[in-house]
Every structure is written in C-alpha cells, then in structure tokens.
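Indexing begins at 1, ligand by ligand and atom by atom, following the structure's order. Worth saying up front: this structure is predicted, and the values here are computed from it rather than measured.
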Amino acid sequence: MGRLLKEIIRNVALMSLRNNDGDYGLLVPIEENIDIPFAIKRVYYISKVPSGIERGFHAHKKLEQVLICVNGSVSILVDNGKEKTKVFLDDPKTGLYVGNKVWREMHDFSEGSVLLVLASELYTEEDYIRDYDDFLEAVLSKA
Ligand code: TYD
C-alpha cells in the first residue's frame with residue numbers, strides 16, 4: 001500500500017490519493033495494488049440520486065471497496081458492528097476504504113454528485129448482507 005491510510009474505525013480508513021492539482025485542473029491516477037490496497041475487479045459509479053434518497057443499507061461478506069466522491073458531496077455512515085461513524089466525502093483526492101463486514105449507508109447526496117466505487121470482487125448478490133441483524137451475527141461469528 002503506497003498511499004496514506006488513516007484508520008477511522010476498524011476496517012474503515014480514509015486515504016489521501018496522490019494527485020496532480022494545478023492551474024489546469026485536477027488529475028488523480030489510481031493503480032491497483034499501488035493506490036488501492038487490492039486488485040480492482042469492478043468499477044461502478046452512482047449518480048443522479050434524487051434529493052432525499054438514501055442508498056446502501058448493507059454489508060458485504062468478502063468485498064472490499066474504495067469510495068471516491070468525484071463530484072459534489074455525500075455522507076457515508078460506516079458501522080463495523082462495534083463502532084460507527086459518519087464520513088463526509090466532498091474531495092476527489094480522498095478515498096474511503098471500506099473493508100468486508102462493514103455496514104454502510106449513503107446519505108445526503110448533493111445535486112450533481114458522483115460517487116465512484118472501486119471493488120475487489122465482481123458483482124454477486126451472494127456477497128451481500130442486507131439485514132442488519134444478520135450483519136451483527138456475521139460480525140460476532142468472526143470474533
Ligand atoms: P445496490 O448495491 O443494492 O445499490 P446501493 O447499495 O447503492 O443502494 O445495487 C443496486 C442494484 O444494482 C441491484 O439491483 C444490484 C445492481 N448492481 C449490479 O448489477 N452490479 C453492481 O456492480 C452493483 C454495485 C449493483
């Protein structure tokens with residue numbers, strides 16, 4: 001892991017992404033296993049979220065992700081079963097690493113916001129834990 005990683009709760013960290021920022025704009029390069037602590041198997045982005053809509057409300061059994069708000073802002077609630085906190089993302093030079101077995105909710109998408117997500121696995125519904133009590137059980141069984 002080449003980049004600065006600041007753990008905010010266990011299994012969740014803020015990352016300062018290297019970047020070229022200057023008079024002609026911002027460029028943030030992302031290379032797997034260098035800027036991101038895993039091989040990137042999937043990329044998706046969330047945009048056009050209507051005002052007041054909240055997303056997420058799930059954890060993953062295995063998947064690791066890095067979330068980057070490349071435009072606008074969004075608040076991410078992260079909860080590892082023991083600790084929880086809310087992270088405000090409004091800087092395309094900041095990544096939020098979310099490990100496995102972390103419940104996440106996405107609130108307060110600003111108009112025009114775009115949330116880019118880099119993921120360690122291909123999409124499979126099998127990897128989702130969509131029930132909060134099931135999530136707590138999965139966290140406890142890990143300990
Ligand atoms: P979901 O992960 O539930 O969205 P959010 O957590 O942002 O509320 O995904 C929404 C829908 O999109 C769901 O039907 C699954 C589908 N989807 C894919 O087909 N591929 C993907 O990579 C992702 C993330 C979701």
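- Partners of Y123 according to the ring-ring contact (aromatic ring centres under 6.0 Å, His included) rule, which considers only residues two or more places apart in sequence or in another chain, are Y128.
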Working for side-chain hydrogen bond (donor to acceptor under 3.5 Å, both in side chains), residues H60 and N100 = CA-CA 5 Å; H60 287 279; N100 69 341; over 6 Å; no

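- Legend: residues meeting side chain to side chain donor-acceptor pair (under 3.5 Å) with E83, ordered by chain and number and at least two apart, are N80.
- Side-chain contact annotation: Q65 with Y44, donor-acceptor N/O pair under 3.5 Å present.
- The shortest distance between side-chain heavy atoms of E105 and R55 does not fall below 4.5 Å.
- For a heavy-atom separation below 4.0 Å, the residues in contact with ligand 1 are R42, Y44, I46, R55, G56, H58, M106, Y123, Y128, R130.
- Residue pairs satisfying the salt bridge (charged side-chain N to carboxylate O under 4.0 Å, His left out) criterion with at least one member in residues 37-47, sequence neighbours excluded, are listed as follows: K41-E121.
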